[in-house]
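Comments concern the structure below.
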Amino acid sequence: MNYAFIFPGQGSQSISMGKDFYDNFDLARELFEKASNILNIDMKKLCFEENELLNQTQFTQPAIFLVSYIAHTILQQESPILARLALGHSLGEISAICAANGLKFEDAIALTHKRGMLMQQACEGKDAGMMVIVGLEDSVLENFCAQKREEGMSVWCANYNGEGQIVLAGKKADLAQLESPIKTLGAKRALLLPMSVASHCPLLESINKDFKEIITPILMDNFSLPVISNVTTNPYSTKEEALEVLSNQLTNPVLYKQSIYKIDSEIDAYIEFGHGSVLKGLNKRLSQKETFSISDTTSLKEVLEKLHK
């Protein structure tokens, strides 16, 4: 079987994420403690108890990465499985690189925290936000945003999640003005997301250089399997390639839909690692292949049973 390992990004977080793994695996407890010590953040409190920090990007990103890393590591501990390639959605691309042995855990958990801080820093004072649009063709929304930029607005297509599902990024005030005209175009839904950053658009250009400087010393020279770039949809497996696509990823749209279409013929099934089964939901509309999602001990057991039938 040819498997693609896939990893979610922001939006998959919620309180109690990773708790089932923590309660049932020594490995999970060790990794929560290690992450807490590296970041000087109580990751148990962040992930398990009601708080407002979990939705702030500098905390969201390491939390999502940690749970994805734990899920992947536990599967490999219980029943080692080789993948043909790895793919992440936005932040998940860092998780994918880690699964491909392109980053050490200690470096990756620190990187996700720094990435979130840089993104927040880049958006300070810019009234940044994101909006999900459902029900419009890509070209219609792309042309609409281009027209609005000519009129002086800051709005871009940021995430291509599925047919008729795109997330826009830009200034909240500009995005809010688009709700009515976008629905007039035929959109079924236009909803501002509870985010204080605008990912994958030119508003993040100021941090490209800093981010590249952070990742340069920690990336491995060669990876153990190809990772699909969010920016190009092409595979890469070296430090040199990763430096280029990862820094560009901050300001370019996430081509998740296009990536799945491109690799689908090479893949027999997808395995998602992390909380929420978000990518499994997206894949149902993109591929006829099965997507297994591992987010707790119950789903882990179900996946192991299916994989070894």
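As the structure is a prediction and not an experimental result, all values here were calculated from the model. No hydrogens, no waters, no symmetry mates; every other heavy atom, side chains included, goes into these values.
The backbone N or O of Thr232 lies less than 3.5 Å from a partner atom in the side chain of Ser229, making a donor-acceptor pair. Asp42 places a side-chain N or O within donor-acceptor distance of the main-chain N or O of Lys45, the cut-off being under 3.5 Å. The backbone N or O of Ala100 lies less than 3.5 Å from a partner atom in the side chain of Ser224, making a donor-acceptor pair. For Gln10 (side chain) and Gln61 (main-chain N/O), no donor-acceptor pair under 3.5 Å exists by modelled atom type. Although no hydrogens or angles enter the test, the distance criterion places no donor-acceptor pair under 3.5 Å between the side chain of Ser154 and the main chain of Lys171. Panel note: side chain Gln13, backbone Thr60; no donor-acceptor pair is recorded below 3.5 Å. Using a distance-only test at 3.5 Å, with no hydrogens or angles considered, no donor-acceptor pair links the side chain of Asp174 to the main chain of Gln177. Asp127 places a side-chain N or O within 3.5 Å of a backbone atom of Ala173 that can act as its donor or acceptor partner. Although no hydrogens or angles enter the test, the distance criterion places no donor-acceptor pair under 3.5 Å between the side chain of Gln249 and the main chain of Val231.
Using a 3.5 Å distance cut-off with no hydrogens or angles, the side chains of Thr73 and Gln77 do not pair a donor with an acceptor. Checking Tyr160 against Asn230 by side-chain atom types alone, no donor-acceptor pair falls below 3.5 Å. Ser247 and Asn208 are not linked by any side-chain donor-acceptor pair at a separation below 3.5 angstrom, with hydrogens and angles left out of the test. Side-chain N/O atoms of Glu33 and Tyr22 include no donor and acceptor closer than 3.5 Å. A donor atom on one side chain and an acceptor atom on the other are not found under 3.5 Å apart for Ser68 and Ser95.
Here the CD-CG distance, from Gln120 to Leu118, works out to 11.0 Å after rounding to the nearest 0.5 Å. Rounding to the nearest 0.5 angstrom, the gap separating the CD1 atom in Ile218 from the NZ atom in Lys114 is 7.0 Å. How far CZ of Arg84 is from CE of Met1: 13.0 Å, rounded to the nearest 0.5 Å. With rounding to the nearest 0.5 Å, the separation of CG in Asn248 from NE2 in His200 is 12.5 Å. One distance of note links CD1 of Ile133 with CG of Leu168; it measures 4.5 Å at 0.5 Å rounding. Between the OG atom of Ser90 and the CD1 atom of Ile64 there is a distance of 9.0 Å, given to the nearest 0.5 Å.
The 12-atom threshold is not exceeded at NZ of Lys19, counting heavy atoms of other residues, nucleotides or ligands nearer than 6.0 Å. Within 6.0 Å of CD in Glu213 there are more than 12 heavy atoms belonging to other residues, nucleotides or ligands. More than 12 non-hydrogen atoms from other residues, nucleotides or ligands lie less than 6.0 angstrom from NZ of Lys239. Remark: Lys126 NZ is packed, more than 12 non-hydrogen atoms of other residues, nucleotides or ligands lying under 6.0 Å away. Atom CZ of Arg149 has more than 12 neighbouring heavy atoms from other residues, nucleotides or ligands inside a 6.0 Å radius. The number of heavy atoms from other shown groups lying within 6.0 Å of CD (Gln288) does not exceed 12. Heavy atoms from other residues, nucleotides or ligands lying under 6.0 Å from CD of Glu240 number 12 at most. For Glu137, the CD atom is loosely surrounded, since the number of other residues' heavy atoms within 6.0 Å does not exceed 12.
Residues Leu39 and Pro62 have side chains in contact (heavy-atom distance under 4.5 Å, counting atoms from C-beta outward). Between Tyr3 and Ile81, the closest side-chain pair of non-hydrogen atoms falls below 4.5 Å. Asp296 is not listed as a side-chain neighbour of Asn24, based on a closest heavy-atom distance of 4.5 Å or more. Taking the side chain as every heavy atom from C-beta outward, Gln258 and Lys262 never approach each other to under 4.5 Å. In this structure, Cys47 and Ser16 have side chains that are not in contact, with every pair of non-hydrogen atoms separated by 4.5 Å or more. Within the 4.5 Å cutoff, side-chain heavy atoms of Glu93 are placed close to those of Leu246. No side-chain heavy atom of Cys201 sits under 4.5 Å from any side-chain heavy atom of Val155. Counting heavy atoms from C-beta outward, Ile166 and Asn159 have side chains that stay 4.5 Å or more apart.
Neither Leu85 nor Val227 shares a network with the other; the hydrophobic side chains, linked directly or stepwise wherever heavy atoms of I, L, V, M, F, W or Y lie under 4.5 Å apart, form separate groups for each. A continuous path of ILVMFWY side-chain contacts below 4.5 Å connects Ile214 to Leu250, so both sit in one hydrophobic cluster. Side-chain heavy atoms closer than 4.5 Å link hydrophobic residues (I, L, V, M, F, W, Y) into clusters, and following such links, possibly through other members, connects Leu53 to Ile15. Neither Val278 nor Tyr256 shares a network with the other; the hydrophobic side chains, linked directly or stepwise wherever heavy atoms of I, L, V, M, F, W or Y lie under 4.5 Å apart, form separate groups for each. Hydrophobic cluster membership differs between Ile260 and Tyr236, with clusters built from Ile, Leu, Val, Met, Phe, Trp and Tyr side chains linked at under 4.5 angstrom.
Looking at Val254, Leu193, Leu191 one by one, the single match for side chain to side chain contact (heavy atoms under 4.5 Å, CB included) with Val167 turns out to be Leu193. Each of Lys257, Arg285, His89 was scored for a side-chain hydrogen bond (donor to acceptor under 3.5 Å, both in side chains) with Asn161, with one residue passing: His89. Screening Phe48, Tyr69, Phe105 for a ring pair (Phe, Tyr, Trp, His ring centres under 6.0 Å) involving Phe32 leaves a single residue, Phe48.
Across all non-hydrogen atoms, the minimal contact from Ala4 to Ile267 is CB-CD1, 3.8 Å. Taking each heavy atom of Phe223 and Thr238 in turn, the nearest pair found is CZ-O, 4.0 Å.
Ring centroid separation for the pair His72 and Phe5 comes in under the 6.0 Å cut-off.
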- How far apart are the C-alpha atoms of Glu49 and Lys44, what are their side-chain angles, what is the distance that settles it, and do they pass the salt bridge (Lys or Arg N to Asp or Glu O under 4.0 Å) test? CA-CA 8 Å; Glu49 299 177 16; Lys44 284 192 298 177; over 6 Å; no
